[in-house]
Amino acid sequence: MTVKLCADADEAVAGIQDGSTVLVGGFGMAGMPVELIDALIRQGATDLTVVSNNAGNGDTGLAALLAKGRVRKMICSFPRQSDSYVFDGLYRAGEIELEVVPQGNLAERMRAAGAGIGAFFCPTGAGTLLAEGKETRVIDGRTYVLEYPIKGDVALIGAHRSDRMGNLVYRKTARNFGPVMATAATTVIAQVREVVDTGVLDPESVVTPSIYVDRVVQETTVQEATVLEATV
């Protein structure tokens with residue numbers, strides 16, 4: 001498989017279809033592929049299901065996509081926080097669907113998709129509203145809930161560096177959901193700070209091998225998350 005090195009973010013997101021399930025990396029703004037999201041807004045795809053750790057911060061990045069009315073359903077762990085006012089407004093108005101998934105389950109459901117696992121039993125959420133309507137089973141005296149993989153049509157992830165083959169290296173907290181999302185989507189698009197020649201990256205530092213990556217684009221600006229990544 002040949003990785004496409006894209007000239008800009010608009011080229012990178014070309015072809016994303018209406019109704020797609022889009023996995024969006026990031027923990028808050030750390031690792032959030034803001035330039036790819038902005039390009040997706042310009043591209044125009046709508047009726048999207050977005051899977052991410054939270055439901056947007058302030059009015060940039062994922063929050064900006066939500067504000068444009070492009071997202072039909074949000075699947076996340078933390079839909080509400082001090083600066084999630086865009087999502088809050090949409091949800092209270094009945095203009096967006098929400099599926100809350102505990103953070104560990106969210107990561108594991110995407111990992112299961114990448115690993116080809118059909119479903120798995122997990123104790124998280126047992127006995128709560130999150131388990132309503134789901135199959136449960138008592139295993140070794142403990143109640144478990146049957147969870148299914150989350151597969152993406154597209155994953156938009158942020159990484160620190162890529163070589164020309166598409167091998168990815170992350171930086172500190174910006175690593176977060178990127179690696180599992182890269183295994184769980186049909187098309188993986190990576191926004192990186194730097195593209196280096198093949199052979200420059202230490203193979204031991206590569207987290208996401210190029211076999212999982214379809215398109216790479218280099219950032220044109222340094223994101224605000226730089227400060228967080230450098231200090232956490």
Side-chain angles (χ1 to χ4, degrees), residues 1-17 20-43 45 48 50-54 60-62 64-65 106-107 110-111 113-115 150-226 228-230:
M1 184 183 70
T2 302
V3 171
K4 182 177 183 180
L5 297 177
C6 299
D8 54 38
D10 294 300
E11 180 184 358
V13 303
I16 295 178
Q17 300 293 311
S20 294
T21 295
V22 182
L23 314 180
V24 179
F27 187 86
M29 294 302 293
M32 178 71 68
V34 174
E35 291 190 13
L36 289 177
I37 296 171
D38 288 346
L40 182 58
I41 293 172
R42 293 191 295 271
Q43 190 257 12
L48 303 173
V50 170
V51 183
S52 192
N53 180 64
N54 63 308
T60 61
L62 181 53
L65 182 67
L106 186 70
M110 289 185 286
R111 192 199 69 82
I150 296 176
K151 302 175 182 178
D153 298 299
V154 179
L156 305 181
I157 61 176
H160 183 59
R161 285 173 133 191
S162 171
D163 63 16
R164 294 186 177 279
M165 290 183 64
N167 296 298
L168 302 182
V169 173
Y170 301 87
R171 178 174 170 78
K172 299 185 178 182
T173 57
R175 178 168 171 172
N176 52 71
F177 289 92
V180 291
M181 288 182 172
T183 69
T186 302
T187 300
V188 176
I189 307 170
Q191 169 187 316
V192 301
R193 299 234 177 108
E194 183 181 16
V195 177
V196 299
D197 290 335
T198 301
V200 170
L201 298 179
D202 178 359
E204 296 296 330
S205 70
V206 171
V207 177
T208 298
S210 62
I211 191 172
Y212 293 111
V213 182
D214 298 283
R215 305 174 194 172
V216 171
V217 63
Q218 187 169 342
E219 292 179 357
T220 59
T221 59
V222 177
Q223 305 300 330
E224 294 178 2
T226 301
L228 177 61
E229 293 163 21

**Study point:** Test: K4 and E11 ion pair at under 4.0 Å
**Key:**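 The answer is yes: the pair qualifies as a salt bridge.
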
**Study point:** Check ion pair R164-D197 (N to O, under 4.0 angstrom)
**Key:**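 A salt bridge links R164 with D197.
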
Roughly how far, to the nearest 0.5 Å, is [atom2] of [Y] from [atom1] of [X]?
X	Y	atom1	atom2	value
F177	L23	CZ	CG	11.0 Å
N167	L201	CG	CG	6.5 Å
I16	D153	CD1	CG	9.5 Å
L36	D10	CG	CG	10.0 Å
M181	S52	CE	OG	5.0 Å
R161	R171	CZ	CZ	11.0 Å

Review point. Does the side chain to side chain contact (heavy atoms under 4.5 Å, CB included) test come out yes or no for N54 and L62, once each step is laid out?
Key: CA-CA 9 Å; N54 63 308; L62 181 53; 5.6 Å; no

Nearest heavy-atom neighbours spanning [X] and [Y]:
X	Y	value
M165	S210	O-CB, 2.9 Å
M32	G28	CE-O, 3.4 Å
G26	N53	O-CB, 3.5 Å

Distance-only, no hydrogens or angles: does the [X] side chain make a donor-acceptor pair with backbone N or O of [Y] under 3.5 Å?
X	Y	result
N176	A30	yes
E194	V192	no
R215	A12	yes
E35	Q191	no

Any side-chain heavy atom of [X] sitting closer than 4.5 Å to one from [Y]?
X	Y	result
P33	I157	no
V200	D163	no
V169	D202	no
T183	M110	no

Check your understanding: In this structure, which one of V34, L40, V188 forms a side chain to side chain contact (heavy atoms under 4.5 Å, CB included) with L156?
Key ->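 Testing each of V34, L40, V188 against L156, the sole residue satisfying side chain to side chain contact (heavy atoms under 4.5 Å, CB included) is L40.
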
Review point. Run the side chain to side chain contact (heavy atoms under 4.5 Å, CB included) check on R42 and V13 step by step: do they pass?
Key: CA-CA 10 Å; R42 293 191 295 271; V13 303; over 6 Å; no

